[in-house]
Amino acid sequence: MSSLALINEFLGQPPNASSHGYQIDHILEFCHWFMAALFIGWSAFFIFVLIRFRKRRQPGADHMGVRSGISTHLEFSVVLIEAVLLLGFAIPLWAKRVNQFPPGKEALVVHVVAQQFSFNYHLPGPDGQFGRRDVGFVSNSNPLGLDPNDPAGKDDIVTTGELHVPVNRPVIAELSSKDVIHDFFLPSMRIAGDAIPGSLIPVWFTPIKTGTDEVICGQLCGLGHYGMKGTLVVDTPQDYEAWLKERAELSGTQTTPPPPTQRPPGEPPSGPTPGTIPLPGAPKPPNSGEQPKASPGAPQQPAQPAQSPGQL
Ligand SMILES: [Cu+2]
């Protein structure tokens, strides 16, 4: 805990776990203290003006206005401090994030594919090569559409919800989305990036502490947005290797899940994700609660009486 991080802690910011995060924390903390000083200064000035220029004491308006130059100096100082913060600290830090990526060989590259309402991760496996992906191969058992005919994709690792990374090694996450705009936000790593359909947006960070951190979606992406959370586990290099090995073995033995008609009772049916708004003109899902209108005089036919919503 740093004695200078009082406001960051007060605002509930999780402890930093990345190599660049302390720079962001310093800027955040300084900005908050600066804003607090401005708030107190402007509030004091406002109260002073209310008392000093009250009508009883100043019955006539002074058309000359302020004669002292102190307010000009104060305002210039505020602008100068803000310009130094922006041009001297914030922009260089941002430029380093977006321009100075670590070399691909040194870094761990992972594809992050967001969807309503989870994050999928695609790792290249022992051969270090990502298999080809195509939207035509997307299915329940192949959420990222890995091409089964591509030899580079045979050993690839695909996980949902939980990502493991080794400590003290740069991680480049290439972000994309299957449906709407999401945001891959790692609060403890002080990094975030939008996942946009049709775009590949890289972000990078270097974890410096082992442990479990939270991954959240930072864009309002639908009714289930509140539950779009995941886990980032920062492992020691040995634990990471063990996890990779375990995942590689699992990916070799995974079986295709049963088709929707053979699913166990209680499991949600396939179709649009609950909470999403169907496109205009899209076919209505069965049992959507809307009864077909009967023509006047015709006997009412109950639609699928065995599954009507009122029956239990
Ligand atoms: Cu989202």
Side-chain angles (χ1 to χ4, degrees), residues 11-18 20-21 24 28 94 97-98 101 107-124 130 133-146 156-165 171-207 211-234 247 257 260 267-280 282 285 288:
L11 293 174
Q13 192 166 267
N16 169 52
S18 73
H20 74 280
I24 290 177
L28 276 179
W94 169 75
R97 284 296 103 196
V98 296
F101 275 79
L108 169 76
V109 182
V110 55
H111 290 172
V112 179
V113 185
Q115 69 178 78
Q116 286 173 322
F117 295 98
S118 58
F119 289 106
N120 302 292
Y121 304 103
H122 179 196
L123 291 144
F130 284 98
R133 293 204 321 254
D134 191 283
V135 71
F137 295 113
V138 172
S139 66
N140 284 340
S141 58
N142 188 1
L144 297 187
L146 268 179
D156 283 13
I157 295 167
V158 174
T159 66
T160 298
E162 187 174 280
L163 174 67
H164 284 241
V165 294
V171 179
I172 300 176
E174 295 189 345
L175 314 178
S176 61
S177 169
K178 280 165 69 177
D179 37 45
V180 300
I181 299 176
H182 300 271
D183 187 274
F184 182 64
F185 182 21
L186 304 170
S188 57
M189 297 296 156
R190 306 292 190 263
I191 197 84
D194 275 1
I196 301 174
S199 297
L200 205 62
I201 298 173
V203 296
W204 74 280
F205 60 95
T206 307
T212 303
D213 300 295
E214 198 172 42
V215 180
I216 53 178
C217 177
Q219 289 278 12
L220 191 54
C221 57
L223 292 179
H225 161 71
Y226 68 93
M228 192 163 166
K229 289 180 180 177
T231 311
L232 176 78
V233 182
V234 182
R247 291 306 310 186
E267 198 167 303
S270 63
T273 314
T276 54
I277 298 166
L279 290 170
S288 62

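One-based numbering, in listed order, for ligands and for the atoms of each.
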Looking at [X] and [Y], would you say the former's side chain and the latter's main chain have a donor-acceptor pair under 3.5 Å?
| X | Y | answer |
| --- | --- | --- |
| Asn120 | Val113 | yes |
| His20 | Phe205 | no |
| Gln115 | Asp179 | no |

Has Phe101 got more than 12 heavy atoms of other residues, nucleotides or ligands less than 6.0 Å from its CZ? yes
Give the intermediate values and the outcome of side chain to side chain donor-acceptor pair (under 3.5 Å) for residues His111 and Arg133. CA-CA 11 Å; His111 290 172; Arg133 293 204 321 254; 3.2 Å; yes
Provide the tally of protein N/O/S atoms nearer than 2.8 Å to the Cu ion (ligand 1). 4
Could you give all pairs that pass the salt bridge (charged side-chain N to carboxylate O under 4.0 Å, His left out) test and reach residues 181-205, with sequence neighbours left out? Asp25-Arg190
